[in-house]
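Just so you know, these numbers use all the heavy atoms, side chains as well, and skip hydrogens, waters and symmetry mates. Quick note: residue numbers are just sequence positions, from 1.
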Amino acid sequence: VQLQASGGGLVQAGDSLKLSCTVSDHTFSIYRMGWFRQAPGKERDFVASVSWNGVDSYYADSVKGRFVISRDNAKNTVYLQMNSLEPEDTAVYYCAGRRGAQSTRVDAYGSWGRGTLVTVSS
């Protein structure tokens, strides 16, 4: 399974950005998909996840109310709409997939893509 994240860039605080992650696996629709992020010198942290059918989503407290995760199974793509960005959101963002229930654990996700860098200036 190959995952390719895109959409990162340099923005100012308060701006919005939308990340995309396209999955090569034709069984994408059965995967729970998640977004994680890793700031310089820090561990990789959970950001958000969405169930296989897009009905159930879960967010880290730090992004709740600002970020929205969604998916389009017809396009094998998961999105992360990021609004009201803050300098603390600066990180490399990764998408990941797993078969099974919601999890915030990095080691629960078996398929990872290369990250995309988001930099938020103050």
Exercise. To the nearest 0.5 Å, how far apart are CG in Asp56 and CD1 in Ile69?
Worked result: 10.0 Å
Problem set entry | Qualifying residues under side chain to side chain contact (heavy atoms under 4.5 Å, CB included), relative to Arg99, sequence neighbours excluded | Thr27, Ile30, Tyr31
Exercise. Can you name the nearest heavy-atom pair linking Ala91 to Ala39, along with the distance?
Worked result: CB-N, 3.7 Å
For this session: Could you grab the distance from atom OG1 of Thr116 to atom CD of Gln4, nearest 0.5 Å is fine?
Result: 8.5 Å
Exercise. Side chain to side chain contact (heavy atoms under 4.5 Å, CB included) between Ser16 and Gln81: does it pass, once the steps are laid out?
Worked result: CA-CA 7 Å; Ser16 298; Gln81 176 68 47; 3.8 Å; yes
Seminar exercise, completed: Value for OG (Ser70) from NZ (Lys18), rounded to nearest 0.5 Å, stands at 5.5 Å
For this session: Dump the intermediate steps for side chain to side chain contact (heavy atoms under 4.5 Å, CB included) on Met82 and Val118, then the final yes or no.
Result: CA-CA 10 Å; Met82 305 186 293; Val118 173; 3.8 Å; yes
Exercise. Closest approach of Leu3 and Ser111, non-hydrogen atoms and distance?
Worked result: CD1-CB, 3.8 Å
Exercise. Can you check whether Val120's main-chain N or O pairs, donor with acceptor, with Thr90's side chain at less than 3.5 Å?
Worked result: yes
Exercise. Is the backbone of Trp52 close enough, under 3.5 Å, to the side chain of Asn73 for a donor and an acceptor to pair up by distance?
Worked result: yes
For this session: Test side-chain hydrogen bond (donor to acceptor under 3.5 Å, both in side chains) on Arg66 and Ser84 and set out the steps.
Result: CA-CA 6 Å; Arg66 299 188 298 124; Ser84 302; over 6 Å; no
For this session: Find out whether Phe67 and Trp35 are in side-chain contact, i.e. whether some heavy atom of one side chain is under 4.5 Å from a heavy atom of the other.
Result: no
For this session: Is it possible for you to say whether Val78 and Val63 belong to one hydrophobic cluster, with membership spreading through side-chain heavy-atom contacts below 4.5 Å?
Result: yes
For this session: Group every Ile, Leu, Val, Met, Phe, Trp and Tyr by side-chain heavy-atom contacts under 4.5 Å, then state whether Leu85 and Val68 land in the same group.
Result: yes
For this session: Take Val106 and Glu43 through the test side chain to side chain contact (heavy atoms under 4.5 Å, CB included) and record every step on the way to the result.
Result: CA-CA 10 Å; Val106 170; Glu43 295 184 348; over 6 Å; no
Exercise. Taking all atoms of both residues into account, what is the closest heavy-atom pair of Gly34 and Tyr109, and its distance?
Worked result: N-CE2, 4.0 Å
Exercise. Which atom pair, heavy atoms only, marks the closest approach of Val50 to Gly54?
Worked result: CG2-CA, 3.5 Å
Seminar exercise, completed: Rounding to 0.5 Å, atoms OG (Ser57) and NZ (Lys64) come to a distance of 10.0 Å
Seminar exercise, completed: Paired with Phe36, the ring pair (Phe, Tyr, Trp, His ring centres under 6.0 Å) test is passed by just one of Tyr94, Tyr93, Trp112, namely Trp112
Exercise. Any chance CD of Glu86 has more than 12 other-residue heavy atoms, nucleotides or ligands included, within less than 6.0 Å?
Worked result: yes
For this session: Begin from the C-alpha positions of Ser20 and Lys75 and carry the test side chain to side chain contact (heavy atoms under 4.5 Å, CB included) through to its verdict.
Result: CA-CA 11 Å; Ser20 300; Lys75 296 182 179 179; over 6 Å; no
Problem set entry | Within one Ile-Leu-Val-Met-Phe-Trp-Tyr cluster: Phe46 and Leu80, side-chain cutoff 4.5 Å | no
Problem set entry | Minimum-distance pair of heavy atoms, taken over all atoms of Met33 and Val23 | CE-CG2, 3.8 Å
Please list every donor-acceptor pair under 3.5 Å in which a side-chain atom of residues 5-15 meets a protein atom from a residue at least two apart or in another chain.
| residue | atom | partner | partner atom | Å |
| --- | --- | --- | --- | --- |
| Asp15 | OD2 | Gln12 | N | 3.1 |

Problem set entry | Least distance between heavy atoms, Gly100 atom then Arg32 atom | O-CB, 3.9 Å
For this session: Using a 4.5 Å cut-off on heavy atoms from C-beta on, say whether the side chain of Tyr79 contacts that of Asp72.
Result: yes
For this session: For the pair Tyr58 (side chain) and Ser103 (backbone), establish whether a donor and an acceptor sit closer than 3.5 Å, ignoring hydrogens and angles.
Result: no
